[in-house]
Visitor: 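Pasting a structure below so you can have a look.
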Amino acid sequence: MADASASEVTLTFPDGAQRKVARGTSGLEVAKSISPSLAKRTVAMQLDGALADLADPISRDAAINFVARTDAPALELIRHDAAHVMAEAVQQLWPGTQVTIGPVIENGFYYDFAKAEPFTPEDLPRIEKKMGEIIARNAPFTKEVWSREEAKRYFKDKGELFKVELVDAIPADQDIKIYKQGAWLDLCRGPHMTSTGAIGKAFKLTKFAGAYWRGDSNNPQLQRIYGTAFASQDELDAYVKQIEEAEKRDHRKLGREMDLFHFQEEAPGSIFWHAKGWTLFQTLIAYMRRRQQAAGYMEVNSPDMMEKHFWELSGHWENYGENMFTTTLPDERVFCCKPMNCPGHVQIFKHGLKSYRDLPLKISEFGKVHRYEPSGALHGMLRVRHFTQDDAHIFVTEDQIMRECLAINDLMLSIYGHFGFEDVFIKLSTRPEKRVGSDELWDKAEKALSDVLDEVTKRSNGRVKTAINPGEGAFYGPKLEYVLKDAIGRDWQCGTTQVDFNLAGRLGAFYIDEQSQKRTPVMIHRAMFGSLERFTGILIENFAGHFPLWLSPVQAVVATIVSDADGYAGEVQAALKAAGLRTDIDLRNEKINLKVREHSLEKVPVLLVVGKREAEERKVSIRRLGSDKSQVMGLDEAIAMLRDEAVPPDVAGRV
RNA sequence: GCCGCGUUAGCACAGUUGGUAGUGCACCUGAUUUGUAAUCAGGGGGUCGGGGGUUCAAGUCCCUCACGCGGCACCA
């Protein structure tokens, strides 16, 4: 440790060079002393890795790094500065609007405003224009530390009541920092770049929305404007392009184009599965059924509806009654559609006396659960009110928790790999404030899951990343959440493993242990796809509809060039079907160009074109989706190739 | 559920200051037998999301409900 009273501090530069400067020298002065050009292009600095204002006095020994606006660490500053500039622009355009908070988020920034009149789409370009003016003015960002009273008085006089609340929320040991950009100022913890001009021109406001003050739906609703900014126009253009790419993959759009499913207003949040979509769905279930059977699960089916008192007993009515579908029968008994499968599985466990020798007992079900989700939450197939879980409950002794969780993890990663999801991220959500069960049991369960995480990290050679999500566990136990990264880099949380000491006891389930004593089993809840409906949607977007052959609802289409080939085309289709391939035939009196186009748009992976030549030589011309080339080969050879290719990866033994 | 914006033919969209609806693709019919991403010609199709109101007159204005979209909140 350096002597705090020393008059000099030692700075270590990225190249390892060290230099002593007077305590309190600003970063800007250091940069200037090295070279004026360095000072000119530097917009901020990092001290021991932490971003700081370039004008900050340096009061301790530190590793120092000067940050130019094109350096990676500057991106969050560009965005944060842009948020401030947007706030100023809005207040200039609509005086009297209150500003609240404006943080940087994953792909940009937002600022929340309190304004009586809503923003309109036409407002965004106006705000952007005004932002451009403010940036062009290039006023320096300057920081001041105000007293609490001074800050509160200032904001109160200005009518900025939300800011007054924010000042009050700042812990007593922290300074009240004010950043000025010309005449405009904002309460902010910083840091900022040297001046507004450093933001540059590569910014864009993207959307506006309602958002609750402090994220609480009991609070007033503010108006949020989202935007993004990059160091260069090229990066912004690339970002915009990526958004467009995501729109092209939207499962709602592809689902319609590929004739997979539809929605209609009489059944909000419910899917009408068309034949092709249902084929895909059933292919997924068949896959998972094979995997689970191989892993020692026994598949069951529990009632879709049970009497309300049953759900009162399980605790679901109390906690989620408002989100359950209910119906009153002619005999006046009230029934509820199951929102979860677990209570049903406990009944199956309870049927017949269980011994410790029966554990671990793995009960699985492709159960369709019904949850009355808030209307605003519904989103295509990704958030629906009726969905099928690849659900399972593993009844174990406490000693078996760790081993079973590890087995689940192995199965989970293998399954994701088969769908091409190699990039998996696992979050451990630990005990929440509101919970049931003793701390002892929580210790044990969290330890088990954390050991699982360690083991997984070790085995994967760092491929699988993990993190702790403190306080985010379920009220009955900690959980592991599996997050997949798709083909265009988006995260999807799918699988979950949850350890539960509560429900089995609550529903009176027990087993007989080695000492002939009744003991309550621990339940491990787990789902791997999660919601089959949601997973289907994710797959559609991940593959952009271009499914691998084994998943594709229609695997091949036989298309004729001339009607003379119709008979042979029928033979080709019959042979494909006999080989187990899902096949259509297109004998229409149309040009082959049209047929190729239409089946390509429907994203059929394999097109077998037959004309006069193929019919005579018993060959097929194979054209793959996405390719403009075709390959002529003998019929038997083609069928053998496609049959092999269509074998599901688990059956083929591919790891 | 909350805020904002939408809802016009199967799909994608036009529709001026209110004066009883259009385009493209799809569909149907006919012609065309065609070699790897749109053959030509003709034709049919909409009580403009539901309900209510203002008006001589409403797809256009107002209210209301439903659904959708973008967020927020929620997600056992």
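Because the structure is a prediction, the values reported are computed rather than measured. Within every chain, numbering begins at 1; the chains are lettered A, B, ... in the order of the sequence lines, protein sequences first and strands thereafter.
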Visitor: Using a 4.0 Å heavy-atom cut-off, does A/Y226 contact any base of the nucleic acid, only the sugar-phosphate backbone, or nothing at all?
Guide: sugar-phosphate

Visitor: Any chance the rings of A/Y476 and A/H525 have centres within less than 6.0 Å?
Guide: yes

Visitor: Could you tell me whether A/K308 and A/E312 make a salt bridge, using a distance below 4.0 angstrom between a side-chain N and a carboxylate O?
Guide: yes

Visitor: Please work out if A/P268 contacts a base, only the sugar-phosphate, or nothing of the nucleic acid, heavy-atom cut-off 4.0 Å.
Guide: sugar-phosphate

Visitor: Return no unless some side-chain N or O of A/K207 is found under 4.0 Å from OP1 or OP2 of B/G70.
Guide: no

Visitor: Heavy atoms only, 4.0 Å cut-off, all strands: where does A/F475 land among base, sugar-phosphate and nothing?
Guide: nothing

Visitor: Which one of A/I408, A/I426, A/N469 satisfies the side-chain contact (heavy atoms from CB on, under 4.5 Å) criterion with A/L480?
Guide: A/I426

Visitor: Rounded to the nearest 0.5 Å, what separates atom CG in A/L581 from atom CD in A/Q555?
Guide: 5.0 Å

Visitor: What contact category does A/A209 fall into here, base, sugar-phosphate, or nothing, at under 4.0 angstrom with non-hydrogen atoms?
Guide: base

Visitor: Testing the basics here: between A/A575 and A/I639, what is the closest heavy-atom pair and its distance to 0.1 Å?
Guide: CB-CD1, 3.1 Å

Visitor: As an exercise, state the distance from CD of A/Q223 to CZ of A/F113, rounded to the nearest 0.5 Å.
Guide: 9.5 Å

Visitor: Heavy atom of residues 593-611 of chain A under 4.0 Å from RNA chain B: which residues?
Guide: A/N593, A/L594, A/V596, A/R597, A/S600, A/L601, A/V609, A/G611

Visitor: Please pick, from B/C74, B/G70, B/G35, the nucleotide with the shortest atom-to-atom distance to any side-chain atom of A/H379.
Guide: B/G70

Visitor: Please give the distance between the C1' atoms of B/U60 and B/G15 as a whole number of Å.
Guide: 9 Å

Visitor: Can you tell me which nucleotide in B/G35, B/G1, B/G4 comes closest to the side chain of A/P118?
Guide: B/G4

Visitor: Think A/R385 has a side-chain N or O under 4.0 angstrom from the OP1 or OP2 of B/C74?
Guide: no

Visitor: In this structure, is the centre-to-centre distance between the rings of A/F119 and A/W94 below 6.0 Å?
Guide: yes

Visitor: Give me the distance, rounded to whole Å, that separates B/A9 from B/C27 when you measure between the C1' atoms they each carry.
Guide: 11 Å

Visitor: Taking only the side-chain heavy atoms of A/Q221 (C-beta and beyond), determine which of B/C2, B/U39, B/G35 contains the nearest atom.
Guide: B/C2

Visitor: Atom CZ in A/R588, atom CD in A/E598: separation rounded to 0.5 Å?
Guide: 4.5 Å

Visitor: Take a 6.0 Å sphere around NZ of A/K350 and say whether it holds more than 12 heavy atoms from other residues, nucleotides or ligands.
Guide: yes

Visitor: Would you say a side-chain N or O of A/Y212 is under 4.0 Å from OP1 or OP2 of B/G71?
Guide: no

Visitor: If you count heavy atoms of other groups shown closer than 6.0 angstrom to CD of A/E266, is the number above 12?
Guide: yes

Visitor: Specify the separation, in whole Å, of atom CZ of A/R383 and atom P of B/C69.
Guide: 13 Å

Visitor: From B/A76, B/A73, B/C72, pick the nucleotide closest to the side chain of A/A211?
Guide: B/C72

Visitor: For nucleotides 9-14 of chain B, list the nitrogen or oxygen atoms of the protein found under 3.5 Å from its nitrogen or oxygen atoms, one pair per line.
Guide:
unit_1 : atom_1 : unit_2 : atom_2 : d
B/A12  : OP1    : A/R256 : NH2    : 3.2

Visitor: What contact category does A/A377 fall into here, base, sugar-phosphate, or nothing, at under 4.0 angstrom with non-hydrogen atoms?
Guide: base

Visitor: Across the strands shown, which category fits A/R534 at heavy-atom distances under 4.0 angstrom: base, sugar-phosphate, nothing?
Guide: nothing

Visitor: Just to be sure I understand the rule, does A/G215 reach a base, reach only the sugar-phosphate, or reach nothing, if contact means heavy atoms closer than 4.0 Å?
Guide: sugar-phosphate

Visitor: Of the residues in residues 614-626 of chain A, which ones touch RNA chain B at a heavy-atom distance under 4.0 Å?
Guide: A/E614, A/S621, A/R623

Visitor: Pick the nucleotide of RNA chain B nearest each of A/D216 and A/S375; which residue has the one closer to the 5' end?
Guide: A/S375

Visitor: Does the side chain of A/S630 get closer than 4.0 angstrom to OP1 or OP2 of B/U36 through an N or O atom?
Guide: no

Visitor: Return yes when atom CD of A/Q264 has more than 12 non-hydrogen atoms of other residues, nucleotides or ligands closer than 6.0 Å, and no otherwise.
Guide: yes

Visitor: Could you work out which one of B/A76, B/G68, B/U36 sits closest to the side chain of A/N323?
Guide: B/A76

Visitor: How is A/E266 classified with respect to the nucleic acid when contacts are heavy atoms under 4.0 Å: base, sugar-phosphate, or nothing?
Guide: nothing

Visitor: When the P atoms of B/C48 and B/C61 are considered, how many whole Å apart are they?
Guide: 15 Å

Visitor: Does a side-chain heavy-atom distance below 4.5 Å link A/E257 with A/L601?
Guide: no

